[in-house]
Amino acid sequence: MTDDEWQAHVTREAAKAIGEWFEGRGGLHQPIRCLTLPDLEAMAQNAISIFIVKASQRIARHPEEPGSRKLSMLLLG
């Protein structure tokens, strides 16, 4: 998987996590302007968590790829 393909994959997974969070709180019908700071923080936390999990999986599966090395430096730096 290229870096661009991986980024698109992680973006989709983060979007799914945010959508699930919205569904879980029953807020899919509410406008974005109704979100509170805690709501936005929860959405950000979901997206960040997905990124960390997916990055860790990529590093474990393909540790020698340049993209994996960059992710390692980002996560550990």
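Note that these values count all heavy atoms, side chains included, but never hydrogens, waters or copies made by symmetry.
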- Item | Between NZ on residue K54 and CG on residue L71, distance to nearest 0.5 Å |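 K54 NZ to L71 CG: 13.0 Å, rounded to 0.5 Å.
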- Message: Let me confirm one number: the CD1-NZ distance from I18 to K16, rounded to the nearest 0.5 Å.
- Response: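 Result: 13.0 Å between the selected atoms.
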- Item | Min side-chain heavy-atom separation K70-D3 under 4.5 Å |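 Yes - at least one pair of side-chain heavy atoms lies under 4.5 Å apart.
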- Examine distances only and state if a side-chain atom of S68 and a backbone atom of E64 form a donor-acceptor pair shorter than 3.5 Å.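 Checking the backbone N and O of E64 against the side chain of S68, no donor-acceptor pair under 3.5 Å is found.
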Per-pair distances, 0.1 Å, donor-acceptor, side chain in residues 39-50, under 3.5 Å, sequence neighbours excluded:
unit_1: D39; atom_1: OD2; unit_2: R25; atom_2: NH2; d: 3.3
unit_1: D39; atom_1: OD2; unit_2: T36; atom_2: N; d: 3.0
unit_1: D39; atom_1: OD2; unit_2: T36; atom_2: OG1; d: 3.1
unit_1: Q45; atom_1: NE2; unit_2: S49; atom_2: OG; d: 3.2
unit_1: S49; atom_1: OG; unit_2: Q45; atom_2: O; d: 2.8

- Query: Mind checking whether V53 and V10 sit in one hydrophobic cluster, side chains of I, L, V, M, F, W, Y counted as touching below 4.5 Å?
  - Reply: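 V53 does not cluster with V10.
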- Query: ring pair (Phe, Tyr, Trp, His ring centres under 6.0 Å): which pairs involve residues 46-66, sequence neighbours left out?
  - Reply: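 Residue pairs with at least one partner in residues 46-66: W6-F51.
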